[in-house]
Asks: 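The structure follows.
Letters go in sequence order (proteins before strands), and every chain restarts at 1.
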There are 2 protein chains.
Amino acid sequence: MMRARLLEATLDCLVERGFAGTSTTLVSERAGVSRGAQLHHFPTKNDLVVAAVEHLTERRGAELAAAAATLPDGPRRTRAVVQMLGDHFASPVFDAALELWVAARSDEHLLAAVGPLEQRVGRETHRLTVELLGADESVPGVREMVQATLDLVRGLGLANTISDDTRRRRRILDTWADTLDTVLKGTTR
Amino acid sequence: MMRARLLEATLDCLVERGFAGTSTTLVSERAGVSRGAQLHHFPTKNDLVVAAVEHLTERRGAELAAAAATLPDGPRRTRAVVQMLGDHFASPVFDAALELWVAARSDEHLLAAVGPLEQRVGRETHRLTVELLGADESVPGVREMVQATLDLVRGLGLANTISDDTRRRRRILDTWADTLDTVLKGTTR
DNA sequence: CAACAAACAGTCAAGCCTGACTTTTTGTTG
DNA sequence: CAACAAAAAGTCAGGCTTGACTGTTTGTTG
């Protein structure tokens, strides 16, 4: 319970203040957990943050699964799938992940933990996307287009961190969904 | 001259150690500039870093222009343009920009300087891309696909910061170029 | 119920970063 | 060439963060 509170507080700080602005003292205060208790569960800041990555991953999965359940069938499905991914990569969840991503870039310990984890999450997200789109990856080029879709929403998510970009994202993803449908044609439904 | 050395040192630190790991002391040492001299040119860390953004922008422009001059004509041009953009967004230049981008997310002063600047650079990059591709933006969907291309390479650049992603990027962008050509068909050349 | 271990709480010193302050050098103008 | 202003150099104190240390509560087992 203490553990969970600490992890949530860490993620909140990450979103609000960034990695550097997230001090262990601040986290313990936010979580309403004493400094000693915190140090008991997570001896160092890195331990704390790495654990937060794990926790975040679970939330990522849960959020995507929940959103996926509400998707419509029929000709508008591709568009809905793509918009769902776009929204997900524009949420605070992405902000927190981005902070970790960038922090790990120049911290080998963090990288050792975040790298493999993010790779795993990436594969899982890819699998889910293929499933939601009903794409046939045995067709040449289809796999690359699915990957491109995920990298595209990642790029859109990045753009969204600085200024609200929702309208532009909607337009771009609508157009992309049409293109994607053309490429996948004959393999979906 | 001192100014330029400070800016270059700042960018080097940014790439190697990230925003938080870039201390003003470290920068002055690297640049071979005394602390007082540094404080004369840039009173605060923010001033230093904001100026570095400006400087980076110029380098960005110069690098892109240089690369653009070597592009081939003919049917392979789209592929070459897209790969060029992909390489550019996977270079240290992007790493430095990413650090600033993320740091600005949770620092309003930095955001006030980086936001408008990055918007300007974005527009300029868009304009250049349209020109290089010979795209006709009056055709519906074309503008969105050009934007999508830029957001895609941004996403690929982000993925590349953690682990070297060159092979995957090549494959994805090759496929993307084919799709892009189909959409632009009749409007190019 | 007593004893022991684990979780929790609070305090604090060492280290680092930033930016202010003082002194020295360089260069320009009358 | 003298005087003055601008640039550069060096020093340093204040503030913040981290993680180590010590004391207290809770809970479990014999």
Asks: Which residue lies toward the 5' end of DNA chain D, A:Gly36 or A:Thr22, if each is placed at its nearest nucleotide?
Replies: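 Checking each residue's closest nucleotide, the 5'-ward one belongs to A:Thr22.
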
Asks: Using purine N1 to pyrimidine N3 plus N6-O4 or O6-N4 for Watson-Crick, or N1-O2 and O6-N3 for G-U wobble, each under 3.5 Å, what pairs with C:dC16?
Replies: D:dG15

Asks: Taking any heavy-atom pair under 4.0 Å as a contact, classify A:Thr24: base, sugar-phosphate, or nothing.
Replies: sugar-phosphate

Asks: Does C:dA9 have OP1 or OP2 under 4.0 Å away from a side-chain N or O of A:His40?
Replies: no

Asks: Could you tell me the separation between the CG atom of B:Asp107 and the C1' atom of C:dT18, rounded to a whole number of Å?
Replies: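 Roughly 14 Å, once rounded to whole Å.
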
Asks: What is the nucleic acid contact for B:Thr25, judged by heavy atoms within less than 4.0 Å: base, sugar-phosphate only, or nothing?
Replies: base

Asks: Would you say D:dA8 has OP1 or OP2 under 4.0 Å from some side-chain N or O of B:Ser34?
Replies: no

Asks: Using whole Å, what does the distance between atom C1' of nucleotide C:dA9 and atom CZ of A:Phe42 come to?
Replies: 17 Å

Asks: Without placing hydrogens or testing angles, list every side-chain donor-acceptor pair under 3.5 Å for residues 56-64 of chain B, not counting sequence neighbours.
Replies:
from	atom 1	to	atom 2	distance (Å)
B:Thr57	OG1	B:Val53	O	2.8
B:Arg59	NH1	B:Glu8	OE1	2.8
B:Arg59	NH1	B:Glu8	OE2	3.2
B:Arg60	NH1	B:Glu118	OE2	2.8
B:Arg60	NH2	B:Glu118	OE2	3.3

Asks: Run the numbers on B:Glu137 and B:His126 for side-chain hydrogen bond (donor to acceptor under 3.5 Å, both in side chains), then give the verdict.
Replies: CA-CA 11 Å; B:Glu137 292 198 312; B:His126 181 89; 2.7 Å; yes

Asks: Is it true that the side chains of B:Thr44 and B:Asn46 contain a donor and an acceptor less than 3.5 Å apart?
Replies: no

Asks: Roughly, in whole Å, what's the span from CD in A:Gln38 to P in C:dT11?
Replies: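 The answer, rounded to whole Å, is 16 Å.
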
Asks: Using whole Å, report how far NE2 of A:His41 lies from P of D:dG19.
Replies: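 Rounded to the whole Å, the gap is 17 Å.
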
Asks: Could you check whether any side-chain heavy atom of B:Thr182 comes within less than 4.5 Å of a side-chain heavy atom of A:Val183, counting everything from C-beta outward?
Replies: no

Asks: Looking only at side-chain atoms of B:Met2, point me to the closest of D:dG10, C:dC8, D:dA9.
Replies: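 Output: D:dA9.
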
Asks: Of the candidate nucleotides D:dA8, C:dT18, C:dA9, which contains the atom at the shortest distance from the side chain of B:Arg35?
Replies: C:dT18

Asks: Rounded to whole angstroms, how far apart are CZ on A:Arg3 and C1' on C:dA7?
Replies: 14 Å

Asks: To the nearest 0.5 angstrom, please state how far the CG atom of A:Leu71 sits from the CZ atom of A:Arg77.
Replies: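 If we round to the nearest 0.5 Å, A:Leu71:CG and A:Arg77:CZ are 5.0 Å apart.
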
Asks: Among D:dT17, C:dC8, C:dG19, find the nucleotide with the atom closest to the side chain of B:Leu39.
Replies: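 That would be C:dG19.
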
Asks: Using whole Å, report how far CG of A:Asn46 lies from C1' of D:dT17.
Replies: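 From A:Asn46 CG to D:dT17 C1': 14 Å.
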
Asks: Write down the distance between NZ (B:Lys45) and C1' (D:dC16), rounded to a whole number of angstrom.
Replies: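 Whole-Å distance recorded here is 14 Å.
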
Asks: Now, which nucleotide makes the Watson-Crick or G-U wobble pair with D:dG30, with each of the two distances under 3.5 Å?
Replies: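 Matched D:dG30 with C:dC1 under the 3.5 Å cut-off.
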
Asks: Rounded to the nearest angstrom, tell me the gap between atom CG in B:Leu48 and atom P in C:dG19.
Replies: 10 Å

